[in-house]
Novice: 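Below are the structure tokens for one structure; questions will follow.
Excluded from the calculations below are hydrogen atoms, water molecules and symmetry mates; all remaining heavy atoms, backbone and side chain alike, are included. Since this is a predicted model, take the numbers as computed values, not measurements.
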Amino acid sequence: MTLDYIYHSGFAIESERVTVIIDYYKDSSEFKRNEGIVHDRLLKKEGGLYVLSTHFHPDHFNNEILTWKERRSDIRFIFSKDILKRHRAKAEDAVYIQKGETYEDENIRIDACGSTDVGVSFLIRLHGWIFFHAGDLNNWHWSEESTEQEIRKANGDFLAELKYVKEKAPELDVALFPVDRRMGKDYMRGAEQFITQIKTEVFVPMHFGEDYEGGNAFRYFAEESGCRFIGISHRGESFELTNKHINNYE
């Protein structure tokens, strides 16, 4: 099983028979549009191809992905229902699911969990592995700016969504979760709560743009809590996942 970091919250999961692309925003090239691991390799790869989007925000959903159908007629698009409601795509473009709903076929099961922003988070079961992509699920508050009441509400809302995820999957193989330093001094609080509440084997930071240092700063807490941590250093980085170790390669 291979995990590819595309950019921001964009990742791909590759198995021998299936590729899953999640929250594509930009391809991995820093210099040329529509060049990188997605266009150069993943769209050409044999096997089933699934493209998932957690919500309509432009840093999680780029409607150019719908043009990929011209290259791969077999793509299966699974989107959060807010993308349809916001008229970012048409009813015939995708299968749309919301919290509590599931997409399942012969290869994959995708459960839509909640978010503390818009859209959903995805619980993905693939070939015996359980992945969680948080989308914009996080304990979103800015300690330097938010009121105590706002902080309490953000915390309560987030913990309620964590409870829902834990009921669906008390243990995760891989969690992809926001670690975004733009939130201020408590920016890792949601990630800390996540791995405290839900047993996570491998933690992967996301939603940090170009701030690799900020995202990777969560390594210490993750490893102290018993998680393996994937530190990301550049776009297009790939990691081989096994039950025993993680190898990164170009």
Novice: Do Ser146 and His141 have a side chain donor and acceptor closer than 3.5 Å?
Specialist: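 Note: Ser146 and His141 side chains miss the donor-acceptor criterion.
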
Novice: I'd like to check the side-chain contact (heavy atoms from CB on, under 4.5 Å) partners of Ala134; sequence neighbours left out, ordered by chain and number.
Specialist: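 Phe132, Leu137, Phe177, Pro178, Met206.
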
Novice: Quick one: closest heavy-atom pair of Ser115 and Asp117, and the distance?
Specialist: OG-N, 3.0 Å

Novice: Ignoring hydrogens and angles, tell me if any N or O in the side chain of Asp211 forms a donor-acceptor pair with the backbone of Phe208 under 3.5 Å.
Specialist: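 Side chain of Asp211 to backbone of Phe208: no pair is present.
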
Novice: Strictly by modelled atom types, are Asp27 and Ser29 linked by a side-chain donor-acceptor pair under 3.5 Å?
Specialist: no

Novice: Apply salt bridge (Lys or Arg N to Asp or Glu O under 4.0 Å) to Lys85 and list each qualifying residue two or more places apart in sequence or on a separate chain.
Specialist: none

Novice: Output, in order, the C-alpha distance, side-chain angles, deciding distance and verdict of side-chain contact (heavy atoms from CB on, under 4.5 Å) for His55 and Arg86.
Specialist: CA-CA 10 Å; His55 63 287; Arg86 298 276 185 156; over 6 Å; no

Novice: Would Leu42 and Glu14 count as a side-chain contact (heavy atoms from CB on, under 4.5 Å) if you check the C-alpha gap in whole Å, the side-chain angles of each, and the deciding distance to 0.1 Å?
Specialist: CA-CA 9 Å; Leu42 297 181; Glu14 299 182 67; 3.5 Å; yes

Novice: Okay, side chain of Lys99, backbone of Val120: is any donor-acceptor separation there less than 3.5 Å?
Specialist: no

Novice: In terms of side-chain heavy atoms, does Asn139 have a donor or acceptor partner in Asn155 at a distance below 3.5 Å?
Specialist: yes

Novice: As a test of understanding, state which of Val174, Val204, Ile232 forms a side-chain contact (heavy atoms from CB on, under 4.5 Å) with Phe239.
Specialist: Ile232

Novice: Rounded to the nearest 0.5 Å, what's the gap from CD on Glu16 to NZ on Lys45? Could you check?
Specialist: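 Separation between the atoms: 8.5 Å.
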
Novice: Do Phe203 and Phe194 make the cut of ring centroids closer than 6.0 angstrom?
Specialist: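 Not close enough - the centres of the two rings lie 6.0 Å or further apart.
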
Novice: Please enumerate all residues that pass side-chain contact (heavy atoms from CB on, under 4.5 Å) together with Asp111, with sequence neighbours excluded.
Specialist: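 Listed in chain order: Thr102, Arg109, Leu123, Arg125.
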
Novice: Could you state the interatomic distance from NE2 (His57) to CD1 (Ile83), rounded to the nearest 0.5 Å?
Specialist: 10.5 Å

Novice: For Arg88 versus Asn63, what's the shortest heavy-atom pair and its separation?
Specialist: O-CB, 4.0 Å

Novice: Looking at CD1 of Ile78 and OH of Tyr103, how far apart are the two atoms once the value is rounded to the nearest 0.5 Å?
Specialist: 5.0 Å

Novice: Indicate the atoms forming the closest heavy-atom contact of Ile65 with Tyr24, along with that distance.
Specialist: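 For Ile65 versus Tyr24, the nearest heavy atoms are CG2-CD2, 3.5 Å.
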
Novice: Dump the intermediate steps for side-chain contact (heavy atoms from CB on, under 4.5 Å) on His207 and Asp136, then the final yes or no.
Specialist: CA-CA 9 Å; His207 206 280; Asp136 265 353; 3.1 Å; yes

Novice: Could you give me the CA-CA distance, side-chain angles and deciding distance for Arg71 and Lys44, then say whether side-chain contact (heavy atoms from CB on, under 4.5 Å) is met?
Specialist: CA-CA 8 Å; Arg71 300 178 58 172; Lys44 302 174 184 177; 3.8 Å; yes

Novice: State the OG1-CZ distance between Thr147 and Arg152, to the nearest 0.5 angstrom.
Specialist: 7.5 Å

Novice: On a heavy-atom basis, which atom in Val179 and which in Gly214 lie closest, and how many Å separate them?
Specialist: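 That would be CG1-O, 3.7 Å.
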
Novice: Keeping Ser28 on the side-chain end and Ile37 on the backbone end, is there a donor-acceptor pair under 3.5 Å?
Specialist: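 Between the backbone of Ile37 and the side chain of Ser28 there is a qualifying donor-acceptor contact (under 3.5 Å).
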
Novice: Taking atom CG of Asn138 and atom CG of Asp180, what is their separation to the nearest 0.5 Å?
Specialist: 8.0 Å

Novice: Test ring-ring contact (aromatic ring centres under 6.0 Å, His included) on Phe11 and Phe131 and set out the steps.
Specialist: CA-CA 11 Å; Phe11 288 86; Phe131 292 83; over 10 Å; no

Novice: Using the side-chain contact (heavy atoms from CB on, under 4.5 Å) criterion, which residues pair with Glu192? Sequence neighbours excluded.
Specialist: Met188, Phe218, Phe221

Novice: Donor-acceptor pair, distance only, cut-off 3.5 Å: does the side chain of Asp173 make one with the backbone of Ile130?
Specialist: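 Between the backbone of Ile130 and the side chain of Asp173 there is a qualifying donor-acceptor contact (under 3.5 Å).
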
Novice: Students often mix this up, so state it plainly: with edges at 30° and 60°, are the rings of His39 and Trp68 parallel, tilted or perpendicular?
Specialist: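 The arrangement is perpendicular - the two ring planes meet at more than 60°.
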
Novice: Taking Glu106 first and then Arg76, would you say they form a salt bridge - that is, a charged N and a carboxylate O separated by under 4.0 Å?
Specialist: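 Salt bridge: yes.
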
Novice: I need the Ser80 OG to Asp23 CG distance, nearest 0.5 Å.
Specialist: 9.5 Å

Novice: Under a 3.5 Å cutoff, is there a donor and acceptor pairing between the side chains of Thr116 and Asp157?
Specialist: no

Novice: Taking side-chain contact (heavy atoms from CB on, under 4.5 Å) as the test, write out the residues that go with Tyr25, two or more places apart.
Specialist: Tyr7, His8, Asp59

Novice: Using atom types as modelled and distance alone, determine if a side-chain donor or acceptor of Lys185 lies under 3.5 Å from a backbone N or O of Glu144.
Specialist: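 No, Lys185 side chain to Glu144 backbone: no donor-acceptor pair under 3.5 Å.
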
Novice: For Glu223, what residues pass the salt bridge (Lys or Arg N to Asp or Glu O under 4.0 Å) criterion, not counting sequence neighbours?
Specialist: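 By the salt bridge (Lys or Arg N to Asp or Glu O under 4.0 Å) rule, Glu223 matches Arg219.
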
Novice: Might you point out which heavy atoms bring Ala112 and Ile97 nearest each other, and give the distance in Å?
Specialist: CB-CD1, 3.9 Å

Novice: Are Leu159 and Ile151 joined in one hydrophobic group, where the rule is that I, L, V, M, F, W and Y side chains link up if heavy atoms are under 4.5 Å apart?
Specialist: no

